[in-house]
K.L.:
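What follows is a single structure, and I will ask about it in a moment.
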Amino acid sequence: MARLVLLWCFFIFTATSVNLVCSRSPQKDHTALFVFGDSLYDPGNNNYIDTIIKANYYPYGETFFKYPTGRFSDGRMIADFIAEFANLPLIPPYLQPGNHEFTYGVNFASAGAGALSETYQGFVIDLKTQLSYFKKVAKLMRKELGDAEAAVIFSKAVYLINIGGNDYISFLTSNSTVFQSSSKQEYVAMVMGNLTETIEEIYKKGGRKFGFLNMGSLGCVPSMKALAPGNTTGSCFEQVNEIAKLHDAALPKALEELETKLVQVKYSMHYLNISYGERRNNPEKYGFKEANIACCGSGPYRGMFSCGGRRGVIKYELCSDPNDYLFFDSDHLTEKACKQIAQLMWSGTPNITGPYNLKALFEV
């Protein structure tokens, strides 16, 4: 009698090729990675929605993939390196056509997304919608694998979340009454409320292990420095940094409360304000020549979001070697910088990533 053999397939990306790898079954002891967030983690979901917030054109992707994937970088991003460190294949975008294999995880992140649905509404996949996609995946996996096997995957999985930056930039740059009717403290509380609600919903589906970044010096990225009123000295946009500091004060408190409230929850938080600040202030120490000006863009600090010439500004400047730069475009890190941050998230000591690092979460 003939036997039906199921093959599990995934893509392995190298610098020069994309290879489809198949095995008879997924690794029994692997830990899946589910990713939520904004452009820091988006691997190309925005390619498949009607939006101008895309990175599916040159020079994005030029160094590693050799073609634009939709990632806002010259190559791989933080979540890609975390998957590599965890011996997982690259985690694909949820909206990628033909993406029906979720055993290793899936990435829901969308460039421009916020914790609040009003943030860039109509142009992004907000956090609430990302959560709804996860619930669809959970339902499908329970149907395909059975409740018991799916429950094991969800409980062992790590859930990587980065959200809030776009909410705060919108708050400070939009004329919308939705944003202007709240104080900074009230607004941060709204963002934090939506984030904690999302964590609780993932917990209900079995999630127990979560990874976060704090906001860091949001006002010091090239785009924000370019917007800072009267900025001729390269100083940061302090009004943006002020609200980022409120977020960074609220996030650990919220996570500690959830850890107490939700049984078995463990989390990792990387202090991006420290790692980014060190590289901005001492770029040569970390192998960078330039930390204030982006590799790709136009205007002061190449802070105008014009990389690739597809967003209304045709002319832009492009550096010769992204490895010399901390930032690839006006808001996003180079692959080199992403790898350094990912390494600290993966195995950093408690003063930079705690109370657990991601390596510990994947192994627990």
Side-chain angles (χ1 to χ4, degrees), residues 8-13 18 20-23 25-38 40-45 48 69-71 76-110 113 125 127 129-163 198-199 201-213 265-268 338 342 345-346 356-364:
W8 298 82
C9 304
F10 54 87
F11 290 100
I12 292 292
F13 290 79
V18 181
L20 183 65
V21 178
C22 299
S23 62
S25 63
Q27 300 173 23
K28 292 294 184 183
D29 59 349
H30 82 281
T31 297
L33 178 62
F34 294 94
V35 186
F36 302 78
D38 52 28
L40 196 64
Y41 289 162
D42 183 0
N45 278 306
Y48 307 105
T69 63
R71 290 168 172 82
R76 291 164 292 181
M77 302 176 75
I78 290 172
D80 299 320
F81 288 110
I82 298 303
E84 177 184 321
F85 301 156
N87 295 316
L88 295 170
L90 284 181
I91 305 302
Y94 172 74
L95 294 181
Q96 178 177 288
N99 180 26
H100 304 300
E101 167 46 38
F102 304 121
T103 309
Y104 291 98
V106 66
N107 190 321
F108 305 100
S110 169
I125 308 163
L127 185 60
T129 304
Q130 293 180 35
L131 177 63
S132 72
Y133 290 162
F134 170 69
K135 289 180 178 179
K136 289 180 180 178
V137 167
K139 183 177 181 180
L140 178 63
M141 290 181 68
R142 287 195 302 269
K143 180 180 178 181
E144 294 292 325
L145 302 174
D147 289 342
E149 188 172 345
V152 170
I153 291 174
F154 294 135
S155 65
K156 287 183 62 178
V158 171
Y159 300 83
L160 205 58
I161 305 174
N162 182 70
I163 206 77
T198 298
I199 296 168
E201 289 297 309
I202 295 172
Y203 178 85
K204 290 177 183 178
K205 298 298 179 183
R208 296 294 183 268
K209 299 181 287 184
F210 298 85
F212 305 92
L213 295 162
V265 159
K266 295 179 173 64
Y267 69 89
S268 169
C338 285
M345 293 172 68
W346 180 255
Y356 296 87
N357 57 35
L358 289 178
K359 183 175 186 289
L361 289 188
F362 271 90
E363 292 176 348
V364 70

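These numbers come from a predicted model, not from an experiment.
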K.L.:
Does the side chain of L160 come within less than 4.5 Å of M345's, by heavy atoms?
P.N.:
yes
K.L.:
Given F210, which of Y356, Y159, F34 fulfils the ring-ring contact (aromatic ring centres under 6.0 Å, His included) condition?
P.N.:
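Only one of Y356, Y159, F34 forms a ring-ring contact (aromatic ring centres under 6.0 Å, His included) with F210, namely Y159.
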K.L.:
Test of understanding: with ring pair (Phe, Tyr, Trp, His ring centres under 6.0 Å), list the residues that count as partners of F362, not counting sequence neighbours.
P.N.:
W346
K.L.:
Between A342 and F81, what is the shortest heavy-atom contact and its length?
P.N.:
CB-CB, 3.6 Å
K.L.:
Verify side chain to side chain contact (heavy atoms under 4.5 Å, CB included) between L140 and V137, making sure each step is shown before the conclusion.
P.N.:
CA-CA 5 Å; L140 178 63; V137 167; 5.7 Å; no
K.L.:
For residues F134 and T198, determine if any side-chain heavy atom of one lies less than 4.5 Å from a side-chain heavy atom of the other.
P.N.:
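No, side chains not in contact.
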K.L.:
Within a strict 4.5 Å, meaning less than it, do heavy atoms of the I82 and V35 side chains meet?
P.N.:
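Answer no - side chains too far apart.
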K.L.:
Kindly compute the distance separating CG (L90) from OG1 (T69), expressed to the nearest 0.5 Å.
P.N.:
9.0 Å
K.L.:
Does K209 have any salt bridge (Lys or Arg N to Asp or Glu O under 4.0 Å) partners at least two apart in sequence or in another chain, and if so, which?
P.N.:
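Once residues adjacent in sequence are excluded, K209 has no partner under the salt bridge (Lys or Arg N to Asp or Glu O under 4.0 Å) criterion.
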K.L.:
State, to 0.1 Å, how close P93 and G44 come at their nearest heavy-atom pair, and which atoms those are.
P.N.:
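It is CB-C, 4.1 Å.
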K.L.:
Supply the atom-to-atom distance I202 CD1 to I161 CD1, rounded to the nearest 0.5 angstrom.
P.N.:
4.5 Å
K.L.:
Testing F102, F36, Y41 for ring-ring contact (aromatic ring centres under 6.0 Å, His included) with F108, which one passes?
P.N.:
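Result: among F102, F36, Y41, F36 is the only option passing the ring-ring contact (aromatic ring centres under 6.0 Å, His included) with F108.
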K.L.:
To the nearest 0.5 Å, tell me how far L145 CG sits from F154 CZ.
P.N.:
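CZ of F154 is found 8.0 Å from CG of L145.
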K.L.:
How long is the gap from CG on N107 to CG on L95, to the nearest 0.5 Å?
P.N.:
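One finds 10.0 Å between CG of N107 and CG of L95.
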K.L.:
Going by side-chain hydrogen bond (donor to acceptor under 3.5 Å, both in side chains), name the pairs with one or both residues in residues 131-146, residues two or more places apart or in two chains.
P.N.:
K135-E201
K.L.:
Got a sec, which residues hit side chain to side chain donor-acceptor pair (under 3.5 Å) with D42, two or more places apart in sequence or on another chain?
P.N.:
none
K.L.:
Taking the side chain from T129 and the backbone from I125, do they hold a donor-acceptor pair closer than 3.5 Å?
P.N.:
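No, because the side chain of T129 does not come within donor-acceptor range (under 3.5 Å) of the backbone of I125.
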K.L.:
Test of understanding: with side chain to side chain donor-acceptor pair (under 3.5 Å), list the residues that count as partners of K359, not counting sequence neighbours.
P.N.:
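K359 satisfies side chain to side chain donor-acceptor pair (under 3.5 Å) with E363 only.
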K.L.:
Of all the heavy-atom pairs spanning P92 and P43, show the shortest one and how long it is.
P.N.:
C-CG, 4.4 Å
K.L.:
Using side chain to side chain donor-acceptor pair (under 3.5 Å) as the criterion, list what pairs up with N45, not counting sequence neighbours.
P.N.:
none
K.L.:
Where do P89 and A83 come nearest, in terms of heavy atoms and distance?
P.N.:
O-CB, 3.6 Å
K.L.:
Taking all heavy atoms of L40 and all of M77, pick out the closest pair and write down the distance.
P.N.:
O-CE, 3.1 Å
K.L.:
To the nearest 0.5 Å, tell me how far H30 NE2 sits from Y104 OH.
P.N.:
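These two atoms lie 6.0 Å from each other.
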K.L.:
Roughly how far, to the nearest 0.5 Å, is the OG1 atom of T31 from the NZ atom of K156?
P.N.:
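If we round to the nearest 0.5 Å, K156:NZ and T31:OG1 are 4.5 Å apart.
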K.L.:
Under 3.5 Å, side chain of E101 to main-chain N/O of T103, donor-acceptor pair present?
P.N.:
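Yes: the side chain of E101 pairs with the backbone of T103.
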